[in-house]
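Just so we're on the same page: letters track the sequence lines, and every chain starts at 1. What you see is a predicted model; the values in this text were computed from it and never measured.
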There are 2 protein chains.
Amino acid sequence: MTAERPAPVSSETVPAASAPARRRRRDASQTRQLLLDAARRRFARDGYAATTVRDIADDAGVNVALISRYFSSKEGLFEACLRAAGDELRRTTGQTPADQVPEAIARHIAGLGAAGLSSQLALLLRSSGDAAADEIRRGVLSRSSEQLAAARGWRPDEPGSEQTLLRAQMAIAAAIGAAVLRSSSIQLEPLSSATEQDLVGPLRDLVDALLPPA
Amino acid sequence: MTAERPAPVSSETVPAASAPARRRRRDASQTRQLLLDAARRRFARDGYAATTVRDIADDAGVNVALISRYFSSKEGLFEACLRAAGDELRRTTGQTPADQVPEAIARHIAGLGAAGLSSQLALLLRSSGDAAADEIRRGVLSRSSEQLAAARGWRPDEPGSEQTLLRAQMAIAAAIGAAVLRSSSIQLEPLSSATEQDLVGPLRDLVDALLPPA
DNA sequence: TGGGTAAGTCAGCAAGCGTTTACATCTAGC
DNA sequence: GCTAGATGTAAACGCTTGCTGACTTACCCA
């Protein structure tokens, strides 16, 4: 094996949003991000147990041992993915006006390409069997459902608050279920190839029925 | 060691791991059924890859090698589980009157105990990565959504048939998503501990909104 | 311009996986 | 009661897994 010296610049994907300028050939934070992106896609699509660390490392174009270095373990990488998905979810859905909730959900389900948002949703149904990861996911789901309910006028101390929260969680369940049914391993038609525009109508009816606008 | 004579009861229900059922000491069809039941629970709860054949065999109280004998492989056992779930699903939802669809879904999600129906639903989101299994599941899901749509007046050749089917699949997605969010690895509250009665109201609103009754 | 260290590489281990093989034991039919 | 085949058992096999430790390479700064 001759150690070639051609610029291993490879595909140079993920210009990201932060440092689009020249990329250092050795950049820990970028490597971390490459691993996170690859892992999120794999975990969301294939589940935790079916994904191997070698798969992830190959997708990221990075050595396997770096997963242990940066995330301690496969579990640690999974937890980092959950945290990242939670952050991003909270950021993108945080200030959704009450009347645009169905559109926001439709956008999430339809995703923005293969690397898109829908893999965040699918990730939330994947379990690693680890208690710490389960706790993170439960937190993300709880906050999301509370956020959705709040966007439709819910307040924690109102009477019947529990029922409203239950209804919000049914809506979340629908969104996540749809994301998984659309995913590559199932691809249920016509749901799988439905566009954002196709989804927004049914979703508006669904959300309005579960959480009537004020 | 009991010296009881094995009564010729071939269609004996599964002894719940403790019931001293009167069974033949060696009964292939019963062993098959024990494996199927144990496998369905494991696959539904933990997913395909996270479930080991030794887990299943231990749950069933049966030797590991018998999985290969009766189902060829772990894949074969998984496919048999999917087929069984599909059959049972079609049988129990086949003659649901149009106006009792939400109740039927609520009953499925709430399940009948831990070994209940909801594990069938959760199973439908689990993938083995095998193409044959994916095809079976896609068939079950397609038939289920068509059955649901048909119960609400859908006909395949009508105009707008595709949109109605999409809406039925959104309802299926909600049901399956809720079943998984309730499952032991996630247990999202208050959804997780909601009873059949708690679920039927939201589900009626959801189904009526997606598939308006005629 | 060197040297210290961060970043990345490589080969391999121990454990667990699905599966198979060779064998033991039970059951049914004569 | 005997025997052939059905049923169940035990012990591996070959392979993949997550992870590690010793190593090399690139980068930054004095």
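- For the OP1/OP2 pair of D:dT7 and a distance below 4.0 Å, the side-chain nitrogens and oxygens of B:T31 include no atom meeting the criterion.
- When the nucleotides D:dA10, D:dC19, C:dT19 are ranked by their closest atom to the side chain of B:V53, C:dT19 comes out on top.
- Residue-level contact check: B:V64 touches the bases, meaning some heavy atom is under 4.0 Å from a base atom.
- Judged by distance alone, the side chain of A:W154 and the main-chain N or O of A:T164 form no donor-acceptor pair under 3.5 Å.
- To the nearest angstrom, P of D:dC27 lies 11 Å from CG of A:D27.
- At whole-Å resolution of the value, CD1 in A:I67 and P in D:dC19 are 9 Å apart.
- Here B:T52 lies in heavy-atom contact (under 4.0 Å) with sugar-phosphate atoms only.
- Distance CZ (B:F78) to P (C:dT19): 14 Å, rounded to an integer number of Å.
- Following rounding to the nearest Å, B:L35 (CG) and C:dT19 (P) show an atom-to-atom distance of 13 Å.
- Relative to the six-membered ring of A:Y48, A:K74 meets both conditions, a distance below 6.0 Å and an angle of at most 45° to the axis.
- With distances taken from any side-chain atom of B:K74 to the nucleotides D:dT9, C:dT9, C:dG18, the minimum falls on C:dG18.
- Put simply, the side chain of A:R54 and the base of D:dG18 share a donor and an acceptor less than 3.5 Å apart.
- Surrounding CD of A:E88 are more than 12 heavy atoms belonging to other residues, nucleotides or ligands, all under 6.0 Å away.
- Remark: the B:Q187 side chain and the B:S183 side chain contain no N/O donor-acceptor pair separated by less than 3.5 Å.
- Listed candidates were C:dA7, D:dG18, D:dT7. Nearest to the side chain of B:R26 is D:dT7.
- The CG atom of A:D58 sits 15 Å away from the C1' atom of C:dG8 (whole-angstrom rounding).
- Nearest nucleotide to the B:S68 side chain, out of C:dT19, D:dG18, C:dC10: C:dT19.
- Distance from the side chain of B:A65 is smallest to D:dA10 among D:dT17, D:dA10, C:dC17.
- Using a 4.0 Å heavy-atom distance criterion, A:Y70 is classed as a sugar-phosphate-only contact.
- Between the CD1 atom of A:I56 and the P atom of D:dT17 there is a distance of 12 Å, given to the nearest Å.
- Once rounded to the nearest 0.5 Å, the distance linking CD of A:Q169 with CD1 of A:I172 reads 8.0 Å.
- Spacing between atom CG of B:L77 and atom P of C:dG18 amounts to 11 Å, rounded to whole angstrom units.
- Among the atoms of the strands shown, none is found under 4.0 Å from any heavy atom of A:S29.
- As rounded to whole Å, 12 Å separates atom C1' of C:dC10 from atom CG of A:L66.
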